[in-house]
Amino acid sequence: MKYIGFNNGVIDAREAVVSALDHGFLYGIGLFETFRTYGGVPFLLERHLKRMAEGCKELGIPFEAEAAHLLDWIKRVMDKNELKEAYIRYTVTAGEDILGLPADDYQKPNHLLYIKALPKVPDKLYSEGKELQLLSLRRNTPEGTVRFKSLHYMNNILAKRELRGYASAANGAEGLMLTAEEFIAEGIVSNIFFIKNNRLYTPDLTTGILPGITREMVLELALSAGLSVEEGTYHWEQLKAADEVFLTNSVQEIVPVTGVWHGDARFTIGTGQCGTITAGLISLYRDRTAIAK
């Protein structure tokens, strides 16, 4: 990543700096969205901008969701980095303000685009799946009425640090956090779903999870395919006994989970391969991305 988008411009990454008085730095006041392109076009951009706008409104950060403007800016940054496809992180920080907590809304936010090549994902990931490690660290409660995709990411970082202490981490396992009440919450960088007796389950937003954009799309696809869907509160034992488990995020899409870990004990999910329903949802999701190109 040689070039970064900064306030509608494109500059050398080494020159991209924000003030020490930016409240994104001082207090973690800011939001970000991560998404990817298909055929050079950002997927579900309008939904990401809607979530960004709703979060900025609660934080008092002025923000206007203009997809056409952002698309042009993204293209300029991609072209400068010589990328045809990209992983994109769009960040909005609160901008400079007083040293202390302001009573009024912010006035001059900073906008940044971090764009890099998509990570290479082996095809076998979608057939053989990945592992999921139960963590002892609990998911913190949301910052507001719902969880923001905010710059305050300490809970996730501490979870990642815990994960690296397990043997499963060597094989690329994702970490799973529970709530303080010991309900299933979400992964470090993913939402979680499981299937039991042909019914699809996922934690409800009241558990404090991030309202994921890919999560939302998967729920829509499942309903359109005639699947029975439930959002609620669930325990680790229910996940461990599931017929199928999968994770979602905007970059890796839908990833099967074929083994779950509690400490050093591993439990196989289903047949140990991607399940039939998960495979069907992966196919539906990819059909949807093809339409968006």
Side-chain angles (χ1 to χ4, degrees), residues 124-140 147 156 159-160 162-163 165-212 214-223 225-249 252-285:
K124 68 178 183 179
L125 177 67
Y126 299 98
S127 57
E128 298 178 12
K130 71 186 305 176
E131 312 280 89
L132 185 66
Q133 177 75 54
L134 179 63
L135 303 176
S136 61
L137 181 72
R138 294 303 186 243
R139 193 65 169 116
N140 61 355
R147 181 171 301 280
N156 302 65
K160 189 73 171 181
E162 180 187 342
L163 177 63
Y166 294 103
S168 61
N171 296 320
E174 165 70 313
L176 170 67
M177 289 181 282
L178 306 180
T179 68
E181 298 79 20
E182 301 201 341
F183 294 127
I184 295 166
E186 58 191 340
I188 299 172
V189 292
S190 61
N191 288 121
I192 187 163
F193 292 78
F194 67 94
I195 296 157
K196 186 68 176 179
N197 298 327
N198 296 317
R199 186 173 178 83
L200 181 65
Y201 300 87
T202 193
D204 190 81
L205 295 182
T206 58
T207 60
I209 63 172
L210 181 76
T214 307
R215 173 188 181 275
E216 179 184 65
M217 174 57 67
V218 167
L219 287 172
E220 292 174 10
L221 292 173
L223 287 170
L227 277 174
S228 178
V229 175
E230 179 181 302
E231 299 176 67
T233 51
Y234 311 107
H235 294 281
W236 164 252
E237 294 299 326
Q238 291 173 271
L239 185 72
K240 193 174 70 172
D243 300 324
E244 302 178 37
V245 177
F246 63 86
L247 307 171
T248 63
N249 67 37
Q252 292 191 337
E253 306 166 333
I254 299 172
V255 178
V257 170
T258 50
V260 296
W261 293 75
H262 186 182
D264 294 327
R266 183 185 186 279
F267 306 90
T268 300
I269 298 296
T271 64
Q273 294 285 312
C274 178
T276 304
I277 294 176
T278 301
L281 288 169
I282 290 173
S283 179
L284 288 172
Y285 191 87

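We number each residue from 1, following the sequence as shown.
Taking a 6.0 Å sphere around NZ of Lys160, one finds it holds 12 or fewer heavy atoms contributed by other residues, nucleotides or ligands.
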- Message: For Asn197 and Asp243: C-alpha separation, side-chain torsions, deciding distance, then whether side chain to side chain contact (heavy atoms under 4.5 Å, CB included) applies.
- Response: CA-CA 7 Å; Asn197 298 327; Asp243 300 324; 4.1 Å; yes

For the pair Glu237 and His262, evaluate side chain to side chain contact (heavy atoms under 4.5 Å, CB included) and give the outcome as yes or no after the intermediate values. CA-CA 11 Å; Glu237 294 299 326; His262 186 182; 5.8 Å; no

Inset, instruction - Run the numbers on Gln273 and Ser127 for side-chain hydrogen bond (donor to acceptor under 3.5 Å, both in side chains), then give the verdict. - result: CA-CA 6 Å; Gln273 294 285 312; Ser127 57; 4.8 Å; no

Discussion item. Before you tell me yes or no, could you show the steps for Thr258 and Thr268 under side chain to side chain contact (heavy atoms under 4.5 Å, CB included), namely the whole-Å CA-CA distance, both residues' side-chain angles and the distance that decides it to 0.1 Å?
Written reply: CA-CA 6 Å; Thr258 50; Thr268 300; 6.0 Å; no

Stepwise ring-ring contact (aromatic ring centres under 6.0 Å, His included) test for Phe194 and Tyr234: CA-CA 10 Å; Phe194 67 94; Tyr234 311 107; 5.3 Å; yes

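Between Glu131 and Arg266, at least one side-chain N (NZ, or NE/NH1/NH2) sits under 4.0 Å from a carboxylate O, which counts as a salt bridge. A salt bridge does not link Arg215 with Glu220: none of the charged nitrogens is closer than 4.0 Å to a carboxylate oxygen.
Here the closest heavy-atom approach between residue Ser168 and residue Leu163 is recorded as OG-CD1, 4.5 Å. Residue Ile209 comes nearest to Thr207 through the heavy atom pair CG2-OG1, 3.3 Å, listed as atom of the first residue, atom of the second, then distance. Taking both residues in full, the closest heavy atoms of Thr179 and Ala185 are given as CG2-CB, 4.0 Å, listed atom of the first, atom of the second, then distance.
Paired with Ser190 under the rule side-chain contact (heavy atoms from CB on, under 4.5 Å), one option of Leu176, Leu210, Leu247 passes, and it is Leu247. For the pairing with Phe246, the side-chain contact (heavy atoms from CB on, under 4.5 Å) check across Leu281, Ile282, Val255, Val257 returns one residue only, Leu281.
To the nearest 0.5 Å, atoms CD (Glu182) and OG1 (Thr233) are separated by 13.0 Å. Separation of atoms CG (Leu239) and CD1 (Ile269) is listed at 6.0 Å; rounding is to 0.5 Å. Atom CD1 of Ile188 sits about 5.5 Å away from atom CG of Leu135, to the nearest 0.5 Å. The structure places CE of Met177 at 5.5 Å from CD of Glu186, a figure rounded to the nearest 0.5 Å.
A distance below 6.0 Å separates the ring centres of Phe183 and His235.
Using a 4.5 Å heavy-atom threshold, the side chains of Glu128 and Cys274 count as separate. The shortest side-chain heavy-atom distance between Val189 and Glu174 falls under the 4.5 Å cut-off. The shortest side-chain heavy-atom distance between Thr214 and Tyr285 falls under the 4.5 Å cut-off. Side-chain contact between Leu132 and Ile192 is present, with heavy atoms from C-beta onward closer than 4.5 Å. Within the 4.5 Å cutoff, the side chain of Tyr201 has no heavy atoms near those of the Gln238 side chain. For the pair Leu134 and Val260, the minimum side-chain heavy-atom distance is 4.5 Å or more. For the pair Phe193 and Leu200, the minimum side-chain heavy-atom distance is below 4.5 Å. Between Asn198 and Ser228, the closest side-chain pair of non-hydrogen atoms is not below 4.5 Å.
For the pair Asn191 (side chain) and Thr248 (backbone), a donor-acceptor distance under 3.5 Å is absent. Side-chain atoms of Asp204 come within 3.5 Å of backbone atoms of Thr206 as a donor-acceptor pair (strictly under, hydrogens ignored). Checking side-chain atoms of Gln133 against main-chain N and O of Gly175 turns up no donor-acceptor pair under 3.5 Å. With hydrogens and angles disregarded, a donor-acceptor distance shorter than 3.5 Å links the side chain of Lys196 to the backbone of Ala241.
In this model, no donor atom of one side chain and acceptor atom of the other lie less than 3.5 Å apart for Thr202 and Glu231.
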